[in-house]
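Notes follow the structure.
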Amino acid sequence: MTDLTRRETLAASTAATLAATLATAMPAWALDSRAQDAATAAPPGSGAAWDLSEIYPDDAAWDAARKAALAALPSLAAYRGKLGESADTLARAMVAGSDMGKTIARIYVYVSLKADEDVRVSANQQRQAQAVDLYTAYGEASSWFAPEILAIGSDKIERFIAADAVLKSRFDFTLRNILRQAPHTLSADEEALLAGTSAPLQGPEDIRGQLVASDIPWPTITLSTGKSIRLDDQGYTLTRDAPDRADRKKVFDTFWATYGQFRNSLGAAYLSKLKADVFDMKARKYKTSLAASLSGNDVPEAVYRTLVAETNKGLPELHRYFELRRRLLKLPDMAYYDIYPPLVSLDRKVTVPEMRTLTLEAVKPLGPDYVALLGKATAGKWMDPLPRPGKRSGAYMNPGAYDVHPYLLLNLGENYEGLTTYAHEWGHAMHSLLAAKAQVYDKAEYPLFTAEIASTCNEQLLAAYMVARAKTRQEKLYYLGQQLEGIRGTFYRQTMFAEFELACHDKAEAGEGLSGEAFSAIYLDLLKRYHGPKVAIDPVYGSEWGYIPHFYSSFYVYQYATSISAASYFARAILKGGAKERDNYLGVLKSGGSDHPVALLKRAGLDMASPAPYQAIIATFRDTLDQCEALMA
């Protein structure tokens, strides 16, 4: 979420005309939620393993490029008021804006990666702030593009596209996307007024963040081991899978009770966020907040609502999983605090070179060209794999400069989790490589809706490979259990979040009174329905909604569920099919951002508004449960 927030803040200040350009530097998914705490595996002062000199040879060259870009920004004004003169004039203006954006993207990528090498180096943080300022200036310099294009009108713009090869090959999608949003685009003065509301409407998220970070007095508990833990968000994450069941119960009861004590303040913050969404919905003349949120990527509401409906139909399989979990953990009953301990333990070390070998073997169903490209990429200095002091935590893939290559920051543990993270992030990198090779710069960057498909498909192929080659019953159960937990957390849980958001927005749009108590009641009902009658859920756990920061990026998390659904659909098709199924999938990756994501997937044979993708992942979940139960019999 960190990079998402940063990207959205910058993109909000930039004209829609150049949105695709901006997205290249800071994709919405650049920092995955696959955080692994940075340990001290490398000695202090050891440098990053990647090579940034391919972007800029040194900081001096970077600074020269930044200053040159800043000086060039006023040149865009020469085209203002002239875009409708001719197709050639429009093409030259679009090229100038795009080329400038590509340069600024390169400037940002370099310093962003440099800053993450060691967050303690203040000079790099200051340079990153300069790059953000450059983006802001770029947004201001190009803010007139979209209103002027809309004023020209669709008929004339279409004639220009037909008459000019550059507009047809590079900017047709961007221009038509601007025109598509015309009914929801206001006058220049009104747009300026709405833009001015972005800072105050950020207030609810800021308030929630401040409460959680500094004002809530987090309790300290003592575990059965004698270890004392401060139960803030991080402490909860680290102890919710405690081996001792009484410890888990103590963690859950204490942590959620603390959130519950602040549900009135947290409820006021979230209600303000909902009101802000309703305000935006009305200002831009949408029928629902959901429609307003999905409009940017032209995602039909049916996608969201079908996801929720089909997930609910698949809840019996999730309930079956919880019974399997109870049996494997040898528990007399099942409670909400029992959902995080691993089903089976596996003490197997996996080194980074082994991760590379296993991943290359696992993705062979994607064909020799894919494997060869991945082999070349993983052999280069594109990745910083191991934790060290000062290095940014977590794991992400940054697409890098368009004409260079992606970069990956990882903090791998030498275990199966590290292996899945490796395969996941290189899936992102392959998506970017294939899109950049097949598309011009202006159509290469893809949205979050499709971003997680490539990474998750790699994970699905890896899981199938590891299960097929497991040597013992215990090892096979471990891999199957990891696959089940991945689907539970990414498909079922994220859809539960999506259903919570939809219910809250529906009530806000209807003018119903909402509060922290009401949000807890909605969430508790969902917890009980999703986890089934055999999982004990204390009412205090209903305060969990306050723990989820994603709710302040409205209608965002559903894309994790749609992505893993699409990935599961493609993985099943590839493993059971042949070249046609593989090429359909690779065609999606190569398409980049050349069309809206639902349209791209539909051309590959997958209609995200239909039940098919969600039924596919539930079928995968069911098959995996069958395998586990057969091994236990």
Side-chain angles (χ1 to χ4, degrees), residues 10-25 65-108 133-196 198 284 295-296 298 402 439-445 593-595:
L10 295 174
S13 68
T14 308
T17 313
L18 303 171
T21 299
L22 290 178
T24 301
R66 180 188 66 84
K67 290 176 179 175
L70 192 60
L73 287 178
S75 65
L76 291 179
Y79 296 99
R80 188 166 189 174
K82 301 177 182 178
L83 299 185
E85 288 182 354
S86 66
D88 179 67
T89 300
L90 178 59
R92 285 188 285 111
M94 295 293 288
V95 168
S98 174
D99 289 351
M100 193 173 292
K102 184 166 74 168
T103 297
I104 293 172
R106 190 181 188 119
I107 290 166
Y108 182 86
D133 290 343
L134 178 59
Y135 258 113
T136 301
Y138 175 45
E140 293 169 350
S142 58
S143 62
W144 52 271
F145 265 77
E148 190 164 322
I149 288 167
L150 288 171
I152 294 170
S154 60
D155 290 345
K156 194 171 185 179
I157 291 294
E158 287 293 345
R159 289 199 300 273
F160 283 176
I161 292 172
D164 190 275
V166 173
L167 292 178
K168 186 181 296 185
S169 63
R170 289 182 59 177
F171 301 110
D172 54 339
F173 176 67
T174 301
L175 289 168
R176 287 171 179 148
N177 197 36
I178 293 171
L179 295 170
R180 179 181 66 84
Q181 301 267 35
H184 308 290
T185 304
L186 309 181
S187 69
D189 288 344
E190 289 170 329
E191 286 290 341
L193 185 63
L194 277 184
S198 60
R284 295 202 175 277
S295 177
D298 199 24
Y402 171 76
Q439 302 294 331
V440 295
Y441 170 72
D442 310 278
K443 298 181 180 180
E445 186 52 46
S594 60
D595 201 348

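These numbers come from the heavy atoms of this one structure, side chains and all, not from hydrogens, waters or symmetry mates.
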Inset, instruction - For the residue pair Met94 and Arg170, establish whether any side-chain heavy-atom pair is separated by less than 4.5 Å. - result: no
Legend entry - Residues Lys443 and Asp172 bridged, charged N to O under 4.0 Å: yes
Legend entry - Short side-chain to backbone donor-acceptor contact, Ser169 and Ala165, under 3.5 Å: yes
Legend entry - Ser143 side chain vs Glu140 backbone, donor-acceptor pair below 3.5 Å: yes
Legend entry - Ile107 versus Ala65, closest heavy-atom pair with distance: CD1-O, 3.5 Å
Inset, instruction - Would you indicate whether the side-chain heavy atoms of Phe171 and Phe160 approach each other to under 4.5 Å? - result: no
Inset, instruction - Please say whether the positively charged group of Lys102, taken as NZ for Lys or CZ for Arg, lies over the ring of Tyr402, i.e. under 6.0 angstrom from the six-membered ring centre and within 45 degrees of the axis. - result: no
Inset, instruction - Measure across Ser142 and Leu76 and return the closest heavy-atom pair with its distance rounded to 0.1 Å. - result: CB-CD1, 4.3 Å
Inset, instruction - Please step through side-chain contact (heavy atoms from CB on, under 4.5 Å) for the pair Thr185 and Ile178, ending with a clear verdict. - result: CA-CA 9 Å; Thr185 304; Ile178 293 171; over 6 Å; no
Inset, instruction - Find the distance between NZ (Lys156) and CD1 (Ile149) and round it off to the nearest 0.5 Å. - result: 13.0 Å
Legend entry - salt bridge (Lys or Arg N to Asp or Glu O under 4.0 Å) assessment of Asp88 paired with Arg92: CA-CA 6 Å; Asp88 179 67; Arg92 285 188 285 111; 2.9 Å; yes
Inset, instruction - Please examine the side chains of Tyr108 and Leu134, heavy atoms only from C-beta on, and report whether any two atoms are closer than 4.5 Å. - result: no
Legend entry - Test: Glu158 and Arg176 ion pair at under 4.0 Å: yes
Legend entry - Minimum heavy-atom distance Asp164-Ala91, with the two atoms named: OD1-CB, 3.5 Å
Inset, instruction - Would you mind reporting whether Leu167 and Leu175 have side-chain heavy atoms less than 4.5 Å apart? - result: yes
Legend entry - Separation of Lys168 NZ from Ile161 CD1 (nearest 0.5 Å): 9.5 Å
Inset, instruction - Spell out, as yes or no, whether a donor-acceptor pair under 3.5 Å connects the side chain of Glu445 to the backbone of Gly593. - result: no
Legend entry - Ser295: partners by side-chain hydrogen bond (donor to acceptor under 3.5 Å, both in side chains), with sequence neighbours left out: Gln181, Tyr286
Legend entry - Spatial distance of atom CZ (Arg159) from atom CD1 (Ile157) [nearest 0.5 Å]: 9.5 Å
Inset, instruction - With the side chain counted from C-beta on, respond yes when Ser594 and Phe173 share a heavy-atom pair under 4.5 Å apart, and no when they do not. - result: no
Cut-off 3.5 Å, no hydrogens considered: what does the side-chain donor-acceptor table look like for residues 67-75, sequence neighbours left out?
| from | atom 1 | to | atom 2 | distance (Å) |
| --- | --- | --- | --- | --- |
| Lys67 | NZ | Asp63 | OD2 | 3.2 |
| Ser75 | OG | Ala72 | O | 2.5 |

Inset, instruction - Report the distance from atom CG of Asp442 to atom OG of Ser98, rounding to the nearest 0.5 Å. - result: 3.5 Å
Legend entry - Distance-minimising heavy-atom pair for Tyr138 and Gly101: OH-CA, 3.4 Å
